[in-house]
Amino acid sequence: MKTALFIVLGALAVFAQVTVAPRFPLWAATPDFPLLFLVLAAAFGGPFSAMVATPIVAICLGFASDRAPGLLLIAYLPLLPLGLLIEQAELPLTHFFRTLTACIATGIWLRLLLAGAVLVQAGFTFSLLTKVIMPGIFLDFALLAVVYLVLRLIGLSGRSLTLPRGGFLAHE
Amino acid sequence: MVIFSRYTWWIGAMVGLALLLTLFSAVGILTPFQGVFLRVASPFENALSAVFDPVASFLSDIGNVNDLRNENARLRLENEQLQNKVTSLQEESQQVAELQAALGVQQSGGAAKKVAANVVAHDTSPGVDVISIDKGSGSGIQVGMTVLSSGGTLMGTVTKVTGANAFVRLVTDTRSKVNARTLETQASGVIEGTLNRGLSFGLSQQEVNVGDTLVTSGLGGNYPPDIPIGKVSAVSGTPQDLFRTVTVEPTVRLSTVRTVLVNTSFIPQSINLEGS
């Protein structure tokens, strides 16, 4: 049941990225629904969910948008390690702010990477920061805050990103 | 790094998978799978678009009431001018037909064949402006073909085709380059997409004014000549400047177009989508 729900939500995030997101732009930026899905999957479903969902989402988004799936996979890859790094740094942050920080850091990385893949000739300009990265991060932040709140209100609790000892199959 | 130790195997596997996907993508192994995926995904994408289009249009209209009012007034004026122009062109056309008949000249060519298609998805990741449409090689669409709006404005070029779908790189994509000229001054240059999904007209030391109409010049062979693209909305610098910034407003709002026409009768002479 949980797996089916994750598949439906993941597919919805990918389809929304190529249909809904372009309809609500902020300057040249749009929210990244697949990233939000992966962040929330990791935060509420645990690391194993996000580990499985990351390659599937990257490949599906690559097919739907005709971007290189390999590049998208690398773009979403830092989310879990960053989340774990923030968690293990024992900073005085709540689960929400740890999740938010990982989302923002990965959002910056993926936008730089995806822009870099097509703007090699033009080079990085100030407008990339002001028209793409900053508004995109703001949109991700706003949506994540709303959805996180809703998920907490319906009773879901945030989970650790640390993989339990005992290997891959000992996650639960 | 110790903190990543239990993720290391996964990161390694993902990097390996990414490399494999890049390799498979480059040699085209993934294309059939992509075709199947798009065929399955199209109905869901259409359903999501149908739900959110009215919401997006409503929000967009609310935010642009003043702009829309000004645009409406401008379009009314333009409409009147165009109707007058149509009347005079009809008269001239009749005269030309009479003269051609008198000289025994036959008109060459005919109407270009066009395939109508619906926009099913739109990729707007940084620097990218690509749409996918619900017609592919089965409808005679090939890579390099020109895509127009239903009103005949240039939208972009087909960059990839599967059996039932095709991807179109819009002119506002940062990788897009279109040879163009102004109708008023015949200044020629290259129209490129900008980071904020606009258009800029690159030219050097030629006369260009705000309001000039830009059409494809046909140079390079990638696009047929005389397809409308947009109007010059701002010019900075003087004609003596080596490079001036010319901003172009597309004739059609590319992000809101739901139906496009693919010109299947024009086969590009040389396909160089990445520019030189």
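Values reported hereafter were calculated over all heavy atoms of this structure, with side chains retained and with hydrogens, waters and symmetry mates removed. A, B, ... follow the sequence lines: proteins, then strands. Residue 1 opens every chain. Note that this is a predicted model, so its numbers are computed, not measured.
- In terms of heavy-atom proximity, A/Pro22 sits nearest to B/His122 at CG-O, 3.1 Å.
- In terms of non-hydrogen atom pairs under 4.5 Å with chain B, the most contact-rich of A/Leu110, A/Leu12, A/Leu77, A/Leu114 is A/Leu77.
- Looking at B/Leu30 and A/Pro69, their side chains come closer than 4.5 Å, going by heavy atoms from C-beta outward.
- The contact between A/Gln17 and chain B is made entirely by backbone atoms, counting heavy-atom distances below 4.5 Å.
- The number of heavy atoms from other shown groups lying within 6.0 Å of CD (B/Glu249) does not exceed 12.
- With a 4.5 Å cut-off on side-chain heavy atoms, B/Phe44 and A/Thr19 do not count as touching.
- When heavy atoms are compared at a cutoff of 4.5 Å, B/Val119 does not approach chain A at all.
- Ranked by non-hydrogen atom pairs under 4.5 Å with chain A, the options B/Leu20, B/Thr174, B/Thr194 are led by B/Thr174.
- A/Leu113 does not touch chain B: none of its heavy atoms, backbone or side chain, sits under 4.5 Å away.
- For B/Phe24, no part sits under 4.5 Å from any heavy atom of chain A, backbone or side chain.
- Residue A/Phe24 qualifies as enclosed at atom CZ: its count of foreign heavy atoms under 6.0 Å is above 12.
- The number of heavy-atom neighbours closer than 6.0 Å to CZ of B/Phe52, taken from other residues, nucleotides and ligands shown, is 12 or below.
- A 4.5 Å side-chain heavy-atom check between B/Ile11 and A/Pro81 finds at least one atom pair inside the cut-off.
- Note that the CD1 atom of A/Ile74 and the CE atom of B/Met14 stand 10.0 Å from one another [nearest 0.5 Å].
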Quick one: side chains of residues 38-64 of chain A, donor-acceptor pairs under 3.5 Å with protein atoms, not counting sequence neighbours, listed by atom name and distance.
{"residue": "A/Ser49", "atom": "OG", "partner": "A/Gly45", "partner atom": "O", "Å": "2.9"}
{"residue": "A/Thr54", "atom": "OG1", "partner": "A/Ala50", "partner atom": "O", "Å": "2.6"}

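- For a heavy-atom cut-off of 4.5 Å, chain B lies close to A/Lys131, A/Val132 in residues 130-143 of chain A.
- Residue B/Leu195 touches chain A through both its backbone and its side chain, counting heavy-atom pairs closer than 4.5 Å.
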Do A/Arg67 and B/Val130 pass the side chain to side chain contact (heavy atoms under 4.5 Å, CB included) test, and can you show the C-alpha distance, the side-chain angles, and the key distance before you say yes or no? CA-CA 10 Å; A/Arg67 300 299 304 265; B/Val130 173; over 6 Å; no
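- The candidate with the highest count of non-hydrogen atom pairs below 4.5 Å against chain A, out of B/Val120, B/Asp123, B/Leu19, B/Thr31, is B/Asp123.
- Using cut-offs of 30° and 60° on the angle between ring planes, the pair B/Phe37 and A/Phe15 is tilted.
- Interface summary for chain B: among A/Gly70, A/Pro25, A/Pro78, the most heavy-atom pairs under 4.5 angstrom belong to A/Gly70.
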